[in-house]
2 protein chains.
Amino acid sequence: MNPDQERAWRAFLRITVAVQAGTARDLAAIGLSEPDYEVLSTLSERPGHTSTLGEQADKMGWSRSRLSRHATRMAARGLLKRTPDPNDGRGCFLVLTAQGLTALEDAAPAHVESVRRHFIDRLTPADLTAIEQIARRLEEPQASEDRPAT
Amino acid sequence: MNPDQERAWRAFLRITVAVQAGTARDLAAIGLSEPDYEVLSTLSERPGHTSTLGEQADKMGWSRSRLSRHATRMAARGLLKRTPDPNDGRGCFLVLTAQGLTALEDAAPAHVESVRRHFIDRLTPADLTAIEQIARRLEEPQASEDRPAT
DNA sequence: GCTAGCTTGATTACATGTCAACTAAACCCT
DNA sequence: AGGGTTTAGTTGACATGTAATCAAGCTAGC
């Protein structure tokens, strides 16, 4: 790795730490963690504020186990609840409670403001475009991908 | 937040997850975690492979508590050891052991290769420059910074 | 209809982090 | 010296994440 590349990598590491510390701190001030917020916001986007655990986990890129645990904690705080799936005795739905929706609605503007302050406003439109492009490149499947060849 | 900004933010979140999952997995295959590797590599860069805990924590951007705990775990695995600081009875030095150095030397090429594969090689030189620039912008202190005004 | 095997969540054991309280040593000011 | 204040590092209580395993429900082929 040459010096430019080394610097870029270190810069990348610093970026993630700095930005996420900033937004996480702001969310914590409202009583939500970053993952809490992700669950609330993605759940709120679905019809009936509901989704099966598995589907939700897939959509969020989380393991079922992780979401199950997190949902339990959030349910204990009254942010969402589980209901049985009538079509599948094994399954369950996660449903946003009124309290969860309220929490999200309270948090959303502050979180948006936080993202803006720690991220958006510090960058130029060109930077933002560059980030999207970088994400696209990083997500392209590679020949040397480390999954078993299909 | 307008749609472009929203997309950029989501892209940013995806980038961090994807890249770090990749490199962490590769390191885990050698028996080190990402934090293990950071400790080993930053410690190896210092004279005598040694640093006080606090200095090291500051250099890494970690809390003392975090480094103290992590050092205990790594010491239990023989990767480093603590020695008392002769100049300051409160302090201690973290010292890389021969085994820790070996572990690092074994891991380094694989990790570099991993960073290359998951990050560097997927991006253009312009992307890498952009990342450095973005890091610089994000690190600029802001008027609206959330620390107490000096 | 029955059974083998897959799927879906829940649970357990463990790794890792945070925060705040604590201990001890060093500092500093009189 | 003596006493309050800082600083270094550790630790307990707890939050959160992963991986392995478990139990129950579903489904396809017989």
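Residue numbers start from 1 in every chain, and the chains themselves are labelled A, B, ... in the order their sequence lines are given, proteins ahead of strands.
The phosphate of D/dT16 has OP1 or OP2 within less than 4.0 Å of a side-chain N or O from A/Arg73. Contact annotation: A/His70 does not reach the phosphate of D/dT16 (side-chain N/O to OP1 or OP2, under 4.0 Å).
We find that CD of A/Glu38 is positioned 14 Å from C1' of D/dT16, with the value rounded to whole Å. Computed from coordinates, the B/Lys81 NZ to D/dG9 P distance equals 16 Å when rounded to whole Å. Across the protein-nucleic acid pair, A/Leu67 atom CG and D/dT18 atom P stand 11 Å apart, rounded to whole Å.
Here the side chain of B/Thr50 pairs no donor or acceptor atom with the backbone of B/Arg46 at under 3.5 angstrom. Not one N or O on the side chain of B/Ser114 forms a donor-acceptor pair closer than 3.5 Å with the backbone of B/Ala110.
Under the ring pair (Phe, Tyr, Trp, His ring centres under 6.0 Å) criterion, no residue pair touches residues 14-35 of chain A, with sequence neighbours excluded.
Aromatic ring orientation, A/His111 versus A/Tyr37: tilted (interplanar angle from 30° to 60°).
Each of A/Ser33 and B/Arg69 was matched to the nucleotide of DNA chain D holding its nearest heavy atom; the match closer to the 5' end belongs to B/Arg69. Place A/Thr72 and A/Arg90 on DNA chain C by their nearest nucleotides, and A/Arg90 ends up nearer the 5' end.
Classification of A/Arg64 and A/Asp58 as a salt-bridged pair holds, one side-chain N sitting under 4.0 Å from a carboxylate O. Residues B/Arg117 and B/Glu113 are paired through a salt bridge, judged by an N-O separation under 4.0 Å between the basic side chain and the carboxylate.
You can see that DNA chain C meets the heavy atoms of chain B within a 4.0 Å-exclusive cut from C/dT16 to C/dA26, reading 5' to 3'.
For DNA chain C, the residues of residues 41-65 of chain B within the heavy-atom distance limit of 4.0 Å (strictly under) are B/Ser63, B/Ser65, sorted by number.
Of all heavy-atom pairs between B/Leu80 and B/Ala71, the closest is CD1-O, 3.6 Å.
Within the nucleic acid shown, A/Asp88 comes within 4.0 Å of sugar-phosphate atoms alone, with no base atom in reach, counting heavy atoms only.
For B/Asp127 and B/Thr124, the side-chain atoms include at least one donor-acceptor pair closer than 3.5 Å.
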